[in-house]
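Please read the structure below before turning to the comments.
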Amino acid sequence: MNEREEKLTASHWGIGVATVQGDRVLSVEGHPSDPHASEINDNIPGSLHGRARVRRPAVRKSWLMGTPHAVPRGRDVFVEVSWDRVLDLVAKELTRVRGTHGNQGIFAGSYGWSSAGRFHHAQTQLKRFLNSFGGFLRSEGNYSYNAAMGLMPHIVGPFRLQVAQATRWPVIAKHADLVVMFGGMALRNTQVSDGGVSKHRMPDNLWACADAGVKFVNISPLRSDVAAEIEADWLPVKPGTDTALMIGLAHTLLDEGLHDKVFLDRYAVGFDQVCRYLTGEDDGHPKDADWAATLTGVAAPDIRALARRMAAGRTMINVAAGVQRTDFGEQPMWMAVTLAAMLGQIGLPGGGFTVGYGVNANIGNIERPFRWGAMPQGVNPVTEFIPVAMISEMLLNPGGTYSYQGQNRTFPDARLIWWAGGNPFHHHQDLNRLHKAFQTPDTIIVNELNWTATARHADIVLPIAGPQERTDFCGGKSDNALIPMPKLVPPCAEAREEYDIYSALAARLGISDAFTEGKTSDDWLRDIWEVTRSRAQDAGYDLPDWEMFLQGDVISFADPSPDQVFLDEYRADPKAHALPTPSGRIELYSETIAGFGLPDCLGHAAWFPPRDRNADGQGAYPLALLSGQPKTRLHSQLDNGAYSLRHKIADREPVLIHPDDAKARGVHDGDVVELFNTRGRCLAGARVTDEVQKGCVFLWTGAWYDPDFDAPQARDRHGNPNVLTHDLRTSSLTQSPAAHSAMVEVQRFEGTPPAVQAHEPPPFEPEP
């Protein structure tokens, strides 16, 4: 009998110590060095060895038979085939599409969260392969904070630099009096980080702030968006009205002379235009606290009191990533910068602003001391791209036009879609529309671990090895540790490493030298590790050789900037350290954006009413839908794991509803309820609680999409909020997702709820 062994692994949610017996991972616990290890680790065994696992290459029957429209994607049966046959099919289709439509007809919509490994990174592997084949149509940006990426360069500078340079939490603990959090700062989000996290530092850093006397204000419809331990003041705000609240605060600062004129004159441009907007000089409508109160639901005296409190001490303003995933999501970020500039504390320890505290485990907590090695993607000769959240528009409207960053652009005609490392039927909006859009390409290829809805909407499904079924190493993009990831178990059934899949395809297509450079997976791992060792040596660190590292434990490094303060150098000398904006200063008014002439994004921060709420004049859908990152998984990853399943209600995702709203609808705790609007319907399990504001419901994201095509609006059985969210963009400036702006109604589901089928494999038929 095989003995049990303990081995290291790593994920985006932390280091795991896996107990392995034979070819099975029995359990995964957090590493002893992690003070707040994530329970998401408990999902790994069940998902890795579950019924939903893709075990063999599979092809959609209608596509295989040459009648691709006979049965819609998402509803068809699959045929399992040999690896040789499926690779021949993929190579033939790639060659056909390139010959007929050019490489711009191949869209690689891959997303980057599938593995924390430096080599087995789905996006990198696919893009390197397609670059070797002549390139591909790409997407630009991400779903998490795309509006920030598109707006902030105009206002302060590149957003990713702002994240890396964010003021450290120990500095806030030492110097701040008040932290004002628009959208809260949910600890469930801080379980994960891009590329991995070695220690979860955020809870202890927050506790240290509270112990030091720092006060917090949680401006969110959800009280639990902030840990109870820091005893934040809860200021519930009507969803989508954060900008209006900020404008009311700014008007109070201006009206009562609490703004810092010296700072505004020296470090910012455009405050005169902001003043005219606040006072109503141009439109005749002053935007004071009373005006804001009618929109936000926050009483005018409370708005004025908060503005005075912010001006009375050192204040840090934070905007959560979820706030910018709303209609006109650029505006709350721009207005937060405006507020911080009016307070005059930007560049001071513990003061100023940040967009994104709490979006992951590491922002404001740690950074990497040098860049780890990675597999090079190569150069993409295709210059065409789409904004990341416009996949449905592209597929439904090839040749159509749209505005983006002041440009008039045209949607390309994508004929082949290849998805790896992501699940658009989780992260995209209006899934009924996406289902329709996915009927349009000639071919869809998906690399998958499990039979997610994305795999079910594919023509060709390639079974891939999971992170625990291959050798790699982890180094987070903003972390200070390197973690060995030895292979724990063999790949399930006929699953293969993606590198081996692409290598076999490259041989068929005559591009082996370009893709592999004559190297195996092991060769690449050693090369990437040697690059990492060399950079470490340049930074003053000695790393062991590959074999010794792989057999060892976590290697941690010192924090490269523990006393970091965002924009302190700029404050000290705004000429020597001018910002990378047109003026070199903070742009409260942007001539560039104003010059675009956009109706939904002016030259300064402004208020625009949320579209769903504004359009529902009859109040048919009175509840605001909030949909946030769950604590039980990363996005939709491993939803079929034990930890995720334990938190379901009647096998469905829980939806939080206020007691008054529940009572009015005859809903009790534990009931199966139906959420619906004009776009779609889904079932969920009711959790009646006053932690959510009256007039709102909160449904976690990531439940695997489970449409019942025989039910009204193809009702989702499992609780995926994106059947309800609209597929409009934040604005024509950044074309970002605006999921947190949907309005719904809720009713108790009568009768026997249909069984959830999301975690089952699709039907199969024998190969013809």
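By the side-chain hydrogen bond (donor to acceptor under 3.5 Å, both in side chains) test, S590 is found to be paired with no residue, residues two or more places apart in sequence or in another chain being considered. In this structure H740 satisfies the ring-ring contact (aromatic ring centres under 6.0 Å, His included) test with no other residue, sequence neighbours excluded. Under the side-chain hydrogen bond (donor to acceptor under 3.5 Å, both in side chains) criterion, D639 pairs with R633, S644, K648, H759, sequence neighbours left out. Contacts of R73 classified as side-chain hydrogen bond (donor to acceptor under 3.5 Å, both in side chains), with partners at least two apart in sequence or in another chain: D459. A search for side-chain contact (heavy atoms from CB on, under 4.5 Å) contacts involving R98 returns N103, F133, not counting sequence neighbours. In this structure H120 satisfies the ring-ring contact (aromatic ring centres under 6.0 Å, His included) test with no other residue, sequence neighbours excluded. For the side-chain hydrogen bond (donor to acceptor under 3.5 Å, both in side chains) test, residues two or more places apart in sequence or in another chain that qualify with E497 are S521. With sequence neighbours left out, K519 forms a salt bridge (Lys or Arg N to Asp or Glu O under 4.0 Å) with E517, D527. Partners of F182 under the ring-ring contact (aromatic ring centres under 6.0 Å, His included) rule, at least two apart in sequence or in another chain, do not exist in this structure. With sequence neighbours left out, the salt bridge (Lys or Arg N to Asp or Glu O under 4.0 Å) criterion links D413 to R415.
Between R188 and D225, the shortest heavy-atom distance links the atoms NH2-OD1, 3.0 Å. The two residues G196 and C474 have their closest heavy-atom pair at CA-SG, 4.1 Å. Nearest heavy-atom pair, P332 versus V319, reported as atom, atom and distance to 0.1 Å: O-CG2, 4.1 Å. In this structure, M246 and A336 approach most closely via the heavy-atom pair SD-N, 3.5 Å. In plain terms, the two heavy atoms of P609 and N614 that are nearest each other are CG-ND2, 4.0 Å. When all heavy atoms are compared, the tightest approach of S114 to G421 is CB-CA, 3.5 Å.
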Inset, instruction - Check the pair R611 / F328 against side chain to side chain contact (heavy atoms under 4.5 Å, CB included), numbers first and verdict last. - result: CA-CA 9 Å; R611 288 168 287 201; F328 317 106; 4.2 Å; yes
Inset, instruction - Go through T443 and W63 one step at a time and tell me if the side chain to side chain donor-acceptor pair (under 3.5 Å) criterion holds. - result: CA-CA 8 Å; T443 302; W63 188 91; 3.2 Å; yes
Legend entry - Step-by-step side chain to side chain donor-acceptor pair (under 3.5 Å) determination, E448 to T454: CA-CA 9 Å; E448 251 297 1; T454 302; 5.8 Å; no
Legend entry - Worked check of side chain to side chain contact (heavy atoms under 4.5 Å, CB included) between I444 and I460: CA-CA 6 Å; I444 298 176; I460 298 173; over 6 Å; no
Inset, instruction - With ring pair (Phe, Tyr, Trp, His ring centres under 6.0 Å) as the test, would you mind laying out the steps for F515 and Y499 before giving the verdict? - result: CA-CA 10 Å; F515 176 70; Y499 182 76; 5.3 Å; yes
Inset, instruction - Under the side chain to side chain donor-acceptor pair (under 3.5 Å) rule, what do D600 and S732 come out as? Steps first, then yes or no, please. - result: CA-CA 7 Å; D600 51 9; S732 49; 2.7 Å; yes
Legend entry - Audit row: F107, F136, ring pair (Phe, Tyr, Trp, His ring centres under 6.0 Å) steps and yes/no: CA-CA 6 Å; F107 177 69; F136 59 94; 8.5 Å; no
Inset, instruction - For side chain to side chain contact (heavy atoms under 4.5 Å, CB included), just list the numbers for D612 and H726, CA-CA rounded to whole Å, side-chain angles, deciding distance to a tenth of an Å, and then say yes or no. - result: CA-CA 8 Å; D612 249 23; H726 69 60; 4.2 Å; yes
Inset, instruction - For side chain to side chain contact (heavy atoms under 4.5 Å, CB included), just list the numbers for H426 and T452, CA-CA rounded to whole Å, side-chain angles, deciding distance to a tenth of an Å, and then say yes or no. - result: CA-CA 9 Å; H426 151 67; T452 63; over 6 Å; no
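Between F353 and F566, the ring planes lie perpendicular to each other; the angle is over 60°, past the 30° to 60° tilted range. The aromatic rings of F129 and W418 sit perpendicular to each other, their planes meeting at more than 60°, with 30° as the lower class boundary. Aromatic ring pairs are classed by plane angle as parallel below 30°, tilted from 30° to 60° and perpendicular above 60°; the pair H457 and Y705 is parallel.
Side-chain atoms of T440 come within 3.5 Å of backbone atoms of L395 as a donor-acceptor pair (strictly under, hydrogens ignored). In this structure, N380 contributes its side chain and T383 its backbone to no donor-acceptor pair below 3.5 Å. Under the 3.5 Å distance criterion, the side-chain polar atoms of T243 are left unmatched by any main-chain donor or acceptor of W607. At least one donor-acceptor pair closer than 3.5 Å links the side chain of R679 to the backbone N or O of L724. Q564 places a side-chain N or O within donor-acceptor distance of the main-chain N or O of A164, the cut-off being under 3.5 Å. Looking at N189, its side chain never comes within 3.5 Å of a backbone N or O of N360 through a donor-acceptor pair. Judged by distance alone, with hydrogens and angles left aside, the side-chain atoms of N131 form a donor-acceptor pair with the main-chain N or O of Q377 at under 3.5 Å. N362 contributes a side-chain N or O that, together with a main-chain N or O of S478, makes up a donor-acceptor pair within less than 3.5 Å. Within the 3.5 Å criterion, the main-chain N or O of G14 finds no donor-acceptor partner in the side chain of Q191. Judged purely by atom type and a 3.5 angstrom limit, N447 has no side-chain atom pairing as donor or acceptor with the backbone of L462.
Counting heavy atoms from C-beta outward, W419 and I445 have side chains that stay 4.5 Å or more apart. The side-chain heavy atoms of T734 and P387, taken from C-beta on, include no pair separated by under 4.5 Å. Between L151 and L733, some side-chain heavy-atom pair lies under the 4.5 Å cut-off. Side-chain atoms of K92 and R96, non-hydrogen and from C-beta on, never get closer than 4.5 Å to each other. Between P412 and I386, the closest side-chain pair of non-hydrogen atoms falls below 4.5 Å. The closest side-chain heavy-atom distance from P737 to T730 is not below 4.5 Å. Side-chain contact between V446 and I417 is absent, with no heavy atoms from C-beta onward closer than 4.5 Å. Residues F473 and L482 meet the side-chain proximity criterion, which asks for heavy atoms closer than 4.5 Å.
A ring-centre distance under 6.0 Å is not found for H604 and W334. Ring centroid separation for the pair H635 and H427 does not come in under the 6.0 Å cut-off.
Rounding to the nearest 0.5 Å gives a distance of 9.5 Å between CG of L416 and NE2 of H101.
Ionic pairing of R585 and E587 is not present here: no N-O contact between side-chain nitrogen and carboxylate oxygen is shorter than 4.0 angstrom.
Within the structure, side chain to side chain donor-acceptor pair (under 3.5 Å) pairs that include any residue of residues 145-161 comprise N146-S736, H154-Q405 (at least two apart or interchain). Within the structure, the salt bridge (Lys or Arg N to Asp or Glu O under 4.0 Å) test picks out the following pairs touching residues 726-741 (sequence neighbours left out): E393-R729, R433-D727, D727-R729.
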